[in-house]
Visitor: 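Have a look at this one before I ask anything.
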Amino acid sequence: MSLFDRDKSAERLPVALITGFLGSGKTTLLNRVLGDPRMARSLVLVNEFGEVGLDHLFMEHVGGDMVLLQSGCICCTIQGDLDRTLRDIARRRAAAETPPFDRVLLETTGLADPAPILQLLLNHPMISHDYRLDGVIATVDAVNGARQLDEHAEAVKQVAVADRLLIGKTDLAEVDTNAHLRARLEDLNPGAALYEIVQGEIDPALLFDSGPFDPAGKSDQVRHWLNAEAHDHHHHHVDRSRHDAHIGSFCLTFEEPLDWDRFNPWLMAVRASWGDKLLRVKGVLNVVGEDQPLVIHGVHRTFHPPTLLARWPDAERRSRLVFITRDLDRATVEASWAEMESAQ
């Protein structure tokens with residue numbers, strides 16, 4: 001009998017977190033995608049309807065905090081605490097008190113640190129019963145993005161933890177400005193897929209299916225989510241600002257299957273010692289005694305319960321653990337593993 005839970009993602013609603021600094025294009029993006037019929041059966045959580053400017057899209061109110069849009073998408077305002085709103089929506093959905101929806105798009109405020117929301121989605125038992133974190137999408141302003149990264153640590157963190165980066169207003173920025181910003185983003189988060197968009201025009205599919213859990217059975221999804229090769233071949237090639245100089249990423253690779261009784265105490269020690277420096281940790285592990293890959297996913301000291309996927313994404317069977325960190329380097333983490341190994 002396995003120690004680990006099987007992937008139950010098909011039973012839970014995927015949540016895509018959209019973050020990005022003030023003026024980075026989240027509102028424009030939402031206006032575009034919410035008018036797209038392909039967003040039918042989606043629920044979008046926003047802080048205020050007025051901020052998003054959706055009046056022209058309203059079809060009908062289905063509750064004081066919820067409206068049904070012409071595209072079939074539902075838009076709902078966050079009432080007080082996010083966890084309370086998510087639990088209330090799950091209850092209403094189960095009771096058929098809302099129009100049907102199959103996925104959630106959650107917009108953060110421009111100044112928000114995304115970590116507390118990620119922690120809530122990863123390991124709050126009452127939330128993770130109904131929802132799973134699908135992925136993190138960050139919008140970046142091509143014109144002002146570099147300055148925002150220079151001046152605001154929040155903007156750097158939003159980019160660093162993202163699975164996908166959307167650069168907007170590229171039509172308004174100089175060619176050199178675009179090129180320098182793109183290079184900086186690739187340096188700051190080499191594992192994220194990067195897309196340039198104009199006036200919020202985007203395939204809504206890019207907002208979803210960027211996480212490791214995959215009800216549709218596309219076996220390569222976890223490989224794209226981890227993108228270990230990008231971190232393995234990561235070389236700093238641009239001048240770093242005072243904020244992103246503190247951010248780094250690296251991938252630890254383990255050739256032999258891991259003994260969970262040895263690996264888990266080490267990972268717990270890493271979390272205890274450097275949790276405040278762990279912006280995001282992603283892993284796909286080959287564990288002794290298990291045929292399926294084990295997914296590890298954490299933010300700071302909060303980790304999702306380790307989960308077995310149905311199958312490996314490819315022939316690769318090495319364990320790979322990606323770290324996105326602030327003021328924590330590869331050598332320090334590797335030394336802690338070597339010390340644990342030598343103590344056995």
Side-chain angles (χ1 to χ4, degrees), residues 16-33 47 51-52 107-118 135-203 206-207 210 227 230-231 233-250 277-280 299 322-330:
L17 179 66
I18 181 165
T19 185
F21 205 70
L22 295 168
S24 62
K26 294 192 301 300
T27 299
T28 303
L29 178 70
L30 283 175
N31 266 298
R32 287 287 187 177
V33 299
N47 286 284
E51 292 176 5
V52 184
E107 182 213 10
T108 72
T109 61
L111 293 171
D113 177 351
I117 301 174
L118 298 181
V136 182
I137 299 97
T139 55
V140 183
D141 179 345
V143 177
N144 300 303
R147 178 177 56 79
Q148 291 167 346
L149 291 171
D150 287 340
E151 296 177 359
H152 302 280
E154 298 89 351
V156 174
K157 191 170 185 180
Q158 290 165 354
V159 167
V161 303
D163 298 298
R164 292 174 179 169
L165 295 170
L166 308 182
I167 308 178
K169 306 181 186 177
T170 53
D171 55 323
L172 304 179
E174 299 290 336
V175 173
D176 286 350
T177 301
N178 279 333
H180 284 115
L181 178 61
R182 188 181 183 107
R184 185 169 174 182
L185 296 176
E186 290 173 344
D187 186 61
L188 182 57
N189 187 343
L194 200 156
Y195 304 91
E196 295 183 359
I197 58 176
V198 177
Q199 295 296 319
E201 287 287 355
I202 186 176
D203 181 350
L206 291 178
L207 302 180
S210 61
N227 202 359
H231 299 273
H233 300 97
H234 182 33
H235 298 287
H236 301 318
H237 57 270
V238 296
D239 292 332
R240 290 196 150 209
S241 77
R242 56 193 174 92
H243 286 304
D244 40 335
H246 297 273
I247 307 297
S249 64
F250 52 89
K277 300 180 179 182
L278 302 176
L279 300 186
R280 204 165 177 196
V299 174
V322 170
F323 289 83
I324 302 171
T325 62
R326 179 192 286 119
D327 295 326
L328 178 65
D329 59 18
R330 174 198 292 267

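Keep in mind it's a predicted model, so treat the numbers as computed, not measured.
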Visitor: Under the side chain to side chain contact (heavy atoms under 4.5 Å, CB included) criterion, do Leu207 and Leu29 qualify, and how do the steps go?
Guide: CA-CA 10 Å; Leu207 302 180; Leu29 178 70; 4.3 Å; yes
Visitor: Indicate the atoms forming the closest heavy-atom contact of Val299 with Ala115, along with that distance.
Guide: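 Looks like CG1-CB, 3.8 Å.
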Visitor: Hey, could you give me the CG/CZ distance between Asp244 and Arg184, rounded to the nearest 0.5 Å?
Guide: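 Here the interatomic distance stands at 4.0 Å.
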Visitor: Any side-chain hydrogen bond (donor to acceptor under 3.5 Å, both in side chains) involving residues 169-178? Give me the pairs, sequence neighbours left out, ordered by first then second residue.
Guide: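 Of all non-adjacent pairs touching residues 169-178, those that pass side-chain hydrogen bond (donor to acceptor under 3.5 Å, both in side chains) are Asp141-Lys169.
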Visitor: Closest heavy-atom contact between Ile167 and Ala142?
Guide: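 Smallest heavy-atom distance, with atoms named: CG2-CB, 3.7 Å.
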Visitor: Show your reasoning for whether side chain to side chain contact (heavy atoms under 4.5 Å, CB included) applies to Tyr195 and Ile202.
Guide: CA-CA 9 Å; Tyr195 304 91; Ile202 186 176; 5.8 Å; no
Visitor: If I compare all heavy atoms of Gly135 with all of Ser210, which pair ends up nearest, and what's the gap?
Guide: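 Reported closest heavy-atom pair: CA-OG, 3.3 Å.
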Visitor: So which atom in Ile324 and which in His231 form the shortest heavy-atom distance, rounded to 0.1 Å?
Guide: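 Distance-wise, the nearest heavy atoms are CG1-CE1, 4.3 Å.
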Visitor: Run Val136 and Arg280 through side chain to side chain contact (heavy atoms under 4.5 Å, CB included) and show every step you take.
Guide: CA-CA 11 Å; Val136 182; Arg280 204 165 177 196; 3.8 Å; yes
Visitor: Looking at CD1 of Ile18 and CG of Leu166, how far apart are the two atoms once the value is rounded to the nearest 0.5 Å?
Guide: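 The CG atom of Leu166 is 6.5 Å from CD1 of Ile18, to the nearest 0.5 Å.
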Visitor: Let me confirm one number: the CG-CD1 distance from Asp163 to Ile137, rounded to the nearest 0.5 Å.
Guide: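 Going from the CG atom of Asp163 to the CD1 atom of Ile137 covers 7.0 Å.
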Visitor: With rounding to the nearest 0.5 angstrom, report the CZ to CG distance, Phe21 to Leu149.
Guide: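 Reported value, rounded in 0.5 Å steps: 9.5 Å.
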Visitor: Is a donor on one side and an acceptor on the other found under 3.5 Å between the side chain of Gln158 and the backbone of Val140?
Guide: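 No, the answer is negative, given that no donor and acceptor are paired below the 3.5 Å cut-off.
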Visitor: Which pair of heavy atoms, one from Pro114 and one from Leu17, lies closest together, and at what distance?
Guide: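 Smallest interatomic distance, heavy atoms only, reads CB-CD2, 4.0 Å.
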Visitor: Before giving the answer on side chain to side chain contact (heavy atoms under 4.5 Å, CB included), spell out for Asn227 and Val322 the whole-Å C-alpha distance, their side-chain angles and the decisive distance to 0.1 Å.
Guide: CA-CA 9 Å; Asn227 202 359; Val322 170; over 6 Å; no
Visitor: Answer yes or no: is there a donor N or O on one side and an acceptor on the other, between the side chain of Glu196 and the main chain of Arg182, under 3.5 Å?
Guide: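 Not a single qualifying donor-acceptor pair exists.
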Visitor: Any chance you could measure Thr109, atom OG1, to Leu22, atom CG, to the nearest 0.5 Å?
Guide: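 Those atoms lie 7.5 Å apart.
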Visitor: My understanding is that only one of Thr325, Asp327, Asp187, Leu279 makes a side-chain contact (heavy atoms from CB on, under 4.5 Å) with Ile247; could you say which?
Guide: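 When side-chain contact (heavy atoms from CB on, under 4.5 Å) is applied between Ile247 and each of Thr325, Asp327, Asp187, Leu279, only Leu279 qualifies.
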Visitor: For the CD atom of Glu186 and the CG atom of Leu165, what is their distance to the nearest 0.5 Å?
Guide: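 Nearest 0.5 Å value for the CD-CG distance: 9.5 Å.
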Visitor: Would you confirm whether Asn189, through its side chain, and Val159, through its main-chain N or O, come within 3.5 Å as a donor-acceptor pair?
Guide: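 Yes: the side chain of Asn189 pairs with the backbone of Val159.
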Visitor: If you take all heavy atoms of Gly191 and Ala230, which pair is closest and at what distance?
Guide: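 Minimum heavy-atom separation between Gly191 and Ala230: CA-CB, 3.9 Å.
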Visitor: Could you pull out all residues at least two apart from Lys26 that satisfy salt bridge (charged side-chain N to carboxylate O under 4.0 Å, His left out)?
Guide: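 By the salt bridge (charged side-chain N to carboxylate O under 4.0 Å, His left out) rule, Lys26 matches no residue at all.
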